[in-house]
Protein chains: 2
Amino acid sequence: MNIALDAADKKILELIQQDATLTHQEIADRAGLSSTSVWRRIRNLEEVGVIRGRVALLDAKKIGMQVNALISVRLTHQGLETGKKFEEFIVEQPEVMECYAVVGNYDYALIVRVSNVERFEKFLSGTLLSHPAVATSTSSFALRQVKYTTAVALD
Amino acid sequence: MNIALDAADKKILELIQQDATLTHQEIADRAGLSSTSVWRRIRNLEEVGVIRGRVALLDAKKIGMQVNALISVRLTHQGLETGKKFEEFIVEQPEVMECYAVVGNYDYALIVRVSNVERFEKFLSGTLLSHPAVATSTSSFALRQVKYTTAVALD
DNA sequence: GTTGAAAGAAAATCCCT
DNA sequence: AGGGATTTTCTTTCAAC
């Protein structure tokens, strides 16, 4: 399950986590490798699934998706079946960017992104709270996104 | 500030948010455009900053970054100066994937990713709680990442 | 002003040592 | 693992709508 990375792999991953448009040659120069070697290593990292994919990141504000909400959800029952149903439902909701199963006062933490407060209200009462597995929820709006990175630190 | 997108732009963005390795020709085929047109539109979307960049996403579990923590932070003072210092500090911490300024019982919500619980403990007491602006914090570990997407829904 | 076809440049991929 | 040929893709140009 756990894949070992050498220093060259880590360097490559650090670079492409920040900028996936770098050419193999640019990566090779910065990592002290040949471009063929970079190509082969990236191919391997993709094959074993360390690299899940490459995506374009958008500036959500610039396209009018300005509301970021943090929601805590408590389910009606904590059994496996209820959780499974809820999770399948969550994965299908385009407004939900992230969902974490947690323990404690609530069962799930969600990060939701919508264009405005009306849409949020619609998502909350029309979608989330309408789901039979959901008992209660607590929402708060993010005033600002102080930091957002997809790059995990490789230590 | 807010940039208007037509149907073709939205289709292109939807596709490259899911997979940035698609060629212009593949995008063109799926969006009903020519590859030149796709190229020009993507270039414009980059210039106006709608596309912030392209990055490689990794499978954090496979490289041993298995601990995902959600942390609520309350500052000692809610003045601008304290907040600014804290935010500058947070941006520099590689363990912090996301940070949101919120209102309510606490001031910031953090998502932190580290390799193991020892590293988390080190980050929490050695880094976060050692910062003079931090008054209190509440942490919970994510049992599971149910959903994680970087793709915002364009409606 | 926006489109698409086709040429030219650049990069990715594969082969061979 | 690296150098170089081949293939694919990206970028630019230019003519048409």
Side-chain angles (χ1 to χ4, degrees), chain A residues 2-65 149-152 154-155, chain B residues 1-60 62-64 149-155:
Chain A
N2 219 300
I3 287 147
L5 305 171
D6 65 14
D9 287 330
K10 286 184 186 175
K11 185 68 188 165
I12 291 170
L13 291 174
E14 265 170 33
L15 291 167
I16 65 174
Q17 278 196 106
Q18 299 294 339
D19 184 0
T21 68
L22 291 170
T23 65
H24 294 161
Q25 191 54 58
E26 286 169 320
I27 297 166
D29 292 345
R30 298 191 204 180
L33 300 163
S34 70
S35 68
T36 310
S37 187
V38 168
W39 177 78
R40 237 189 314 252
R41 280 170 182 274
I42 287 178
R43 192 168 140 283
N44 286 341
L45 291 166
E46 281 168 343
E47 267 172 14
V48 297
V50 166
I51 298 173
R52 286 198 322 176
R54 295 127 192 280
V55 299
L57 298 182
L58 308 189
D59 186 327
K61 265 178 147 173
K62 286 214 168 109
I63 51 175
M65 301 298 289
T149 182
T150 55
V152 305
L154 305 166
D155 50 5
Chain B
M1 186 96 208
N2 219 303
I3 287 147
L5 305 171
D6 66 13
D9 288 329
K10 286 183 186 176
K11 185 67 189 167
I12 291 170
L13 291 174
E14 265 171 31
L15 290 168
I16 66 174
Q17 278 196 106
Q18 298 295 339
D19 185 0
T21 68
L22 291 170
T23 66
H24 294 161
Q25 191 54 55
E26 286 169 321
I27 298 166
D29 292 345
R30 298 191 203 179
L33 300 162
S34 71
S35 68
T36 310
S37 189
V38 168
W39 178 79
R40 236 186 317 249
R41 281 170 181 274
I42 287 178
R43 193 170 140 282
N44 287 340
L45 291 166
E46 281 168 344
E47 267 171 13
V48 297
V50 166
I51 298 174
R52 287 196 323 173
R54 297 128 190 280
V55 298
L57 299 181
L58 308 190
D59 186 326
K62 287 214 169 113
I63 51 176
T149 182
T150 55
V152 304
L154 305 167
D155 49 6

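Chain identifiers are assigned alphabetically (A, B, ...) following the order of the sequence lines, protein sequences preceding nucleic acid strands; residue numbering begins at 1 within each chain.
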Before you tell me yes or no, could you show the steps for A:Arg41 and A:Asp6 under side-chain contact (heavy atoms from CB on, under 4.5 Å), namely the whole-Å CA-CA distance, both residues' side-chain angles and the distance that decides it to 0.1 Å? CA-CA 11 Å; A:Arg41 280 170 182 274; A:Asp6 65 14; 3.0 Å; yes
Tell me: CD of B:Glu26 to C1' of D:dT8, nearest whole Å? 11 Å
If the cut-off is 4.0 Å, is B:Trp39 near the phosphate of D:dC10, judged by side-chain N/O to OP1 or OP2? no
Distance check needed: D:dA1 C1' versus A:Asn44 CG, whole Å only. 13 Å
Mapping B:Ser34 and A:His24 to their closest nucleotides on DNA chain C, which lands nearer the 5' end? B:Ser34
In whole angstrom, give the distance that lies between atom CG of B:Asp29 and atom P of C:dG4. 12 Å
A:Arg41 or A:Ser35: which one's nearest nucleotide on DNA chain D is closer to the 5' end? A:Arg41
Return yes if the base of C:dA12 and the side-chain atoms of A:Thr23 contain a donor-acceptor N/O pair under 3.5 Å, otherwise no. no
Please state whether the base of C:dG1 and the side chain of B:Arg40 form at least one donor-acceptor pair under 3.5 Å? no
Using a cut-off of strictly less than 4.0 Å, decide whether B:Thr36 has a side-chain nitrogen or oxygen near OP1 or OP2 of C:dG4. no
Taking only N and O in the side chain of A:Arg43, is any of them less than 4.0 Å away from OP1 or OP2 of C:dA12? no
Whole-Å distance between D:dC10 P and B:Arg54 CZ? 9 Å
Applying side-chain contact (heavy atoms from CB on, under 4.5 Å), run through B:Asn2 and A:Lys61 and close with a yes or a no. CA-CA 7 Å; B:Asn2 219 303; A:Lys61 265 178 147 173; over 6 Å; no
Rounded off to whole Å, could you give me the CG-to-P distance for the A:Leu33 and D:dG2 pair? 7 Å
Quick check: does any side chain N or O of A:Glu26 sit under 3.5 Å from a backbone N or O of A:Thr23, one acting as donor and the other as acceptor? yes
Verify side-chain contact (heavy atoms from CB on, under 4.5 Å) between B:Leu57 and A:Val55, making sure each step is shown before the conclusion. CA-CA 7 Å; B:Leu57 299 181; A:Val55 299; 3.9 Å; yes
So, do B:Ile42 and B:His24 sit near enough that their side-chain heavy atoms are less than 4.5 Å apart? yes
Could you give the CD1-to-C1' distance, from A:Ile27 to C:dA10, as a whole number of Å? 15 Å
Whole Å only: how far is the CD atom of B:Gln25 from the P atom of C:dA6? 12 Å
